[in-house]
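Structure first, commentary second.
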Amino acid sequence: QVHLVESGGGLVQPGGSLRLSCAASGNIFSIYVMGWYRQAPGKQRELVAVITSGGSTNYADSVKGRFTISRDNAKNTVYLLMNSLKPEDTAVYYCNADLSGDGLDDYWGQGTQVTVSS
């Protein structure tokens, strides 16, 4: 069992920045993929960014150049630095951990609210 806890969400003005953190705990040998997804009201959950244990990353086109995902493998923690935030970035952001990368042993955090508004 793996438990993920997100932190760092909040209310920011357009153009502002936030840094999200997600720490994984439990019976973990390693986590192959960690990532961030988001879900706005009335919309489907979408991928924001993912990162492998080796450092390979993938970003949604909508956040490329603005968001940066990183991780600390020793701490089983993933971060998302969000710059130049836009109102359309408003959503609940969820942390995900896929232990083996096969989609069979993945876990989700409870989500953290990010609201971008003036």
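Values in this document were obtained by computation on a predicted structure and should not be read as measured data.
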Exercise. Please walk me through it: do Thr90 and Glu88 pass side chain to side chain donor-acceptor pair (under 3.5 Å)?
Worked result: CA-CA 5 Å; Thr90 296; Glu88 48 264 47; over 6 Å; no

Problem set entry | Tyr94 six-ring face occupied by Arg38 cation (under 6.0 Å, within 45°) | no

So [Y] and [X], do their side chains get closer than 4.5 Å, heavy atoms only?
X	Y	value
Cys95	Trp36	yes
Tyr59	Leu47	no
Ser117	Leu11	yes
Leu20	Leu81	no
Leu80	Thr68	no
Gln1	Asn27	no
Thr52	Tyr32	yes
Met34	Ile69	no

Exercise. Is the shortest side-chain N to carboxylate O distance from Lys86 to Asp89 below 4.0 Å?
Worked result: no

For this session: Indicate yes or no for a side-chain donor-acceptor contact from Arg66 to the backbone of Ser84 under 3.5 Å, with no hydrogens or angles considered.
Result: yes

Any donor-acceptor N or O pair under 3.5 Å, side chains [X], [Y]:
X	Y	result
Ser53	Asn73	no
Glu6	Gln110	yes
Asp105	Ser100	yes

Exercise. CD1/Ile51 to OH/Tyr79 distance, rounded to the nearest 0.5 angstrom?
Worked result: 11.5 Å

Exercise. How many angstroms lie between CG in Asn83 and CG in Leu85, if you round to the nearest 0.5 Å?
Worked result: 7.5 Å

